[in-house]
Amino acid sequence: MIVAELAEIQAMERSELESEILEAGGDDQLEVDSPQAEAILSRLEAFYDRELPGPEDLDPEQFTTIRALVNLVVSRLSEPESARGGVQRNGSTDKDRAA
């Protein structure tokens, strides 16, 4: 999903971006600009309805590559409900969403 979002932000075909990733040596080598990373995280927050770390929560090097973004999102989405407090981005709880 991150690759698709980045391709859309860069106004290019996903296959074109995937070629760039291969040419760079993989998703841990292709660098992503901070503004693009912020846009990706914002879109993923809306999609997952979960609060994700933003630029104020991270060191700049954590935005460096596609792999770093994937790891960041996966680690946050993998956290148990108790670690997140069960609160959604919009302030509702997981219980509210289930009702």
Pair Val32-Thr65, side-chain contact (heavy atoms from CB on, under 4.5 Å): steps then yes or no: CA-CA 5 Å; Val32 178; Thr65 66; 5.8 Å; no
statement: Taken to the nearest 0.5 Å, the spacing of Gln36 CD from Ile2 CD1 works out to 13.0 Å
- request: Measure the OG-CE distance between Ser19 and Met12 for me, rounded to the nearest 0.5 Å.
  value: 9.0 Å
- prompt: Can Glu8 and Arg14 be said to form a salt bridge (Lys or Arg N to Asp or Glu O under 4.0 Å), step by step?
  reply: CA-CA 8 Å; Glu8 185 175 321; Arg14 182 180 174 144; over 6 Å; no
- request: Calculate, to the nearest 0.5 Å, the distance between atoms CD1 and CD belonging to Ile66 and Glu5 respectively.
  value: 12.0 Å
query: Under 6.0 Å from the CD atom of Glu20, do we count more than 12 heavy atoms belonging to anything else shown?
result: yes
- line: CD (Glu23) and CG (Leu30) are apart, to the nearest 0.5 Å, by 10.0 Å
statement: Tightest non-hydrogen contact, residues Pro53 and Leu41, listed as O-CD1, 3.5 Å
field: Heavy-atom side-chain proximity of Leu6 to Leu17 below 4.5 angstrom
entry: yes
query: Does Ser42 reach the main-chain N or O of Glu38 with its side chain, forming a donor-acceptor pair under 3.5 Å?
result: no
query: Which value, rounded to the nearest 0.5 Å, describes the distance between Tyr48 atom OH and Arg43 atom CZ?
result: 14.0 Å
Nearest heavy atoms of Met1 and Leu44, plus distance in Å: SD-CD2, 3.5 Å
- prompt: Looking only at heavy atoms, what is the nearest atom pair of Ala39 and Ile9, with distance?
  reply: CB-CD1, 3.6 Å
query: Got a second to check how far Leu72's CG is from Leu77's CG, nearest 0.5 Å?
result: 9.0 Å
- prompt: Which pair of heavy atoms, one from Glu51 and one from Arg76, lies closest together, and at what distance?
  reply: O-NH1, 3.3 Å
